[in-house]
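Here is the structure we will look at, set down as structure tokens.
When a residue number appears, it is its place in the shown sequence, counting from 1.
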Amino acid sequence: GGAEFQKTLKIETVKPNRLKINFDFRTDRLVKDKIPPATLEATWLTGAAARNLKAKVMLTLSKSVTAFKNFPGYVFDNPAAGFAAENITVFDGRLDAGGRAMVAPKIHVTHIAPGALKASFETMVFEDGGDFSVDRFSIPYYPYQSYAGLSIPKGSGDDRVLYTDQTYDISLLNVDAGGLPVPSNSF
């Protein structure tokens, strides 16, 4: 409601990024065993290449909702599977003379994923003086090659109850990571 908070922030502690960082997979999703190499490119804000600077890319995998636009109303996530965020360093090295590096992340999920995961990449490029610039972005990661979807009919009224003395149709569907139907025995 009417709560107010104050925090003193010294202006000399705020440093803007001096490097522009671009980390790109050239795809809208990552699929297990089909992860393309990413291009990491850093330039100074003046446009000059950030040559031979140290760079580090860290990945955090977290729980997400698995949904495919062609199949609304289907549940593709396993509600019984819990998932704790996992942190992985996928690159720790230097950029080349053009300020670029190819990053081929190896993603191994150590826990059972309930469905699609959110892959959040944090890229840090370090200046020779010790300062660094940071860039973050997220992309969906599909740890399985196919996903089983379940569509349960909505119950009557607002309570969404399914009664035991009635018959209901439950739809099952098997799709790949792109949301295309696949035969259930093809994987």
Side-chain angles (χ1 to χ4, degrees), residues 9 13-45 49-50 53-96 98-127 131-150 173-180 182 187:
L9 185 65
T13 62
V14 177
K15 285 184 143 181
N17 282 344
R18 297 183 348 161
L19 296 166
K20 180 180 178 183
I21 301 170
N22 184 22
F23 187 70
D24 189 14
F25 282 101
R26 292 182 203 87
T27 185
D28 61 345
R29 72 176 59 92
L30 300 178
V31 180
K32 178 184 180 177
D33 299 330
K34 297 178 185 173
I35 300 173
T39 304
L40 169 60
E41 183 176 10
T43 58
W44 294 98
L45 293 181
L53 294 182
K54 182 179 181 326
K56 186 174 187 177
V57 180
M58 300 201 320
L59 165 67
T60 301
L61 293 173
S62 56
K63 192 174 177 179
S64 182
V65 175
T66 308
F68 300 100
K69 66 179 180 178
N70 293 337
F71 303 105
Y74 280 83
V75 176
F76 293 93
D77 291 312
N78 179 357
F83 189 80
E86 296 183 9
N87 298 317
I88 305 165
T89 300
V90 294
F91 180 79
D92 193 357
R94 292 207 167 263
L95 303 176
D96 65 12
R100 293 184 198 89
M102 293 302 289
V103 179
K106 303 274 190 268
I107 301 175
H108 300 286
V109 179
T110 57
H111 297 88
I112 296 174
L117 300 173
K118 178 178 161 185
S120 301
F121 290 90
E122 179 181 58
T123 306
M124 300 186 328
V125 178
F126 298 87
E127 299 174 23
D131 289 338
F132 61 89
S133 295
V134 179
D135 182 59
R136 294 176 182 90
F137 91 100
S138 297
I139 188 170
Y141 172 65
Y142 293 86
Y144 305 115
Q145 292 193 5
S146 69
Y147 296 83
L150 183 66
L173 178 67
N174 193 27
V175 298
D176 64 8
L180 300 173
V182 294
F187 287 111

Quick check: do [X] and [Y] have side-chain heavy atoms less than 4.5 Å from each other?
X	Y	answer
Glu127	Trp44	yes
Gln145	Asp33	yes
Pro105	Leu59	no
Phe137	Phe25	yes
Pro140	Asp28	no
Ile35	Tyr141	yes

Next item on the list: Flag the pair Phe23 / Phe121 as yes when their ring centroid distance falls below 6.0 Å, and as no otherwise.
Entry: yes
Nearest 0.5 Å please: distance from the [atom1] atom of [X] over to the [atom2] atom of [Y].
X	Y	atom1	atom2	value
Met124	Asp135	CE	CG	12.0 Å
Lys20	Glu41	NZ	CD	8.5 Å
Ser146	Leu180	OG	CG	12.5 Å
Ser64	Tyr142	OG	OH	7.5 Å
Asn17	Asp131	CG	CG	10.5 Å
Glu122	Ile21	CD	CD1	9.5 Å

[X] side chain to [Y] main-chain N or O, any donor-acceptor pair under 3.5 Å?
X	Y	result
Tyr144	Ala113	yes
Ser62	Ala85	no
Glu86	His111	yes

Identify the two heavy atoms, one from [X] and one from [Y], that lie closest to each other, and give their separation to 0.1 Å.
X	Y	answer
Ser133	Arg18	OG-N, 3.1 Å
Ala116	Thr66	N-OG1, 2.5 Å
Ala148	Asn174	N-OD1, 4.1 Å
Ala101	Arg94	CB-O, 4.4 Å
Ala42	Val125	CB-CG2, 4.1 Å
Pro114	Ala81	CB-O, 3.7 Å

Checklist line | Worked check of side-chain contact (heavy atoms from CB on, under 4.5 Å) between Thr123 and Val103 | finding: CA-CA 11 Å; Thr123 306; Val103 179; over 6 Å; no
Check: Above 12 or not: heavy atoms from other molecules or residues under 6.0 Å from CG of Leu45?
Finding: yes
Notebook entry, point to check: Is Phe126 atom CZ crowded by more than 12 heavy atoms from other residues, nucleotides or ligands, each under 6.0 Å away?
Noted result: yes
Next item on the list: Please determine which of Ile88, Val90, Thr89 meets the side-chain contact (heavy atoms from CB on, under 4.5 Å) test together with Val57.
Entry: Val90
Checklist line | Test item: side-chain donor near acceptor, Asp24 and Thr39, under 3.5 Å | finding: no
